[in-house]
Visitor: 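Structure in structure tokens, see below.
Note that this is a predicted model, so its numbers are computed, not measured. In what follows, every chain begins at residue 1, and chains take the letters A, B, ... in the order their sequences are listed.
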Amino acid sequence: AEDTGVRVELAEEDDGLKTSIALKLWVEDPRRLKGKYRDGGAIEFTFDLEKEVPEAVAQEMVESGFFHESDAKIVGKSIRDRVALIKWRRERTVPRAP
Amino acid sequence: SSAAQVVHSAGRRFIVSPVPESRLREQ
């Protein structure tokens, strides 16, 4: 995935079955952001792989005061890249039995 | 350290915790 300066990673192991997965997002390179990154911590949230849209979550983060509106695009893209990777891997691996 | 939480009006919970140390990019 392209390095946007905003990092998104799995916050839990992906068994390949659950639709909602916990992700963790943090800013590795604040200079890449237009607005100030308020918190400096990692933000953990759950994301529904089937129903939800990365850009909508990014907008919720802006509305929750984590990011400036002008950074919604870069945050949305970072989430989108990670979600795409999760889905790509799932297509290629047989889910482990619970 | 206690993780801070922000619940968005749409109901999503955002839990803020320290950035994983090992993942910080070495400047």
Visitor: Mind checking what makes side-chain contact (heavy atoms from CB on, under 4.5 Å) contact with A:K77, not counting sequence neighbours?
Guide: A:E2, A:T4, A:D81

Visitor: Would you name the heavy atoms of B:V6 and A:S64 that are closest together and state the gap between them?
Guide: CG1-CB, 3.8 Å

Visitor: How would you list, by chain and number, every residue that makes a ring-ring contact (aromatic ring centres under 6.0 Å, His included) with B:F14, sequence neighbours excluded?
Guide: A:F66

Visitor: Can you see which heavy atom on A:A42 is nearest to which on B:P18, and at what distance?
Guide: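 For A:A42 versus B:P18, the nearest heavy atoms are CB-O, 4.0 Å.
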
Visitor: May I ask you to name which of A:E63, A:E60, A:E44 has the most heavy-atom pairs under 4.5 Å with chain B?
Guide: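 Of the options given, most contacts go to A:E60.
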
Visitor: Can you sort out the partners of A:T19 under side-chain hydrogen bond (donor to acceptor under 3.5 Å, both in side chains), two or more places apart, ordered by chain and number?
Guide: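 A:T19 satisfies side-chain hydrogen bond (donor to acceptor under 3.5 Å, both in side chains) with no residue once adjacent residues are dropped.
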
Visitor: Would you find more than 12 non-hydrogen atoms of other residues, nucleotides or ligands less than 6.0 Å from A:K73 atom NZ?
Guide: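 Result for NZ/A:K73: open.
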
Visitor: Under a single-linkage definition using a 4.5 Å side-chain heavy-atom cutoff for Ile, Leu, Val, Met, Phe, Trp and Tyr, are A:L23 and B:V7 assigned to the same hydrophobic cluster?
Guide: no

Visitor: Taking heavy atoms only and a threshold strictly under 4.5 Å, list by residue number the residues of residues 51-59 of chain A that touch chain B; give 'none' if the list is empty.
Guide: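 Within residues 51-59 of chain A, near chain B: A:E52, A:V57.
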
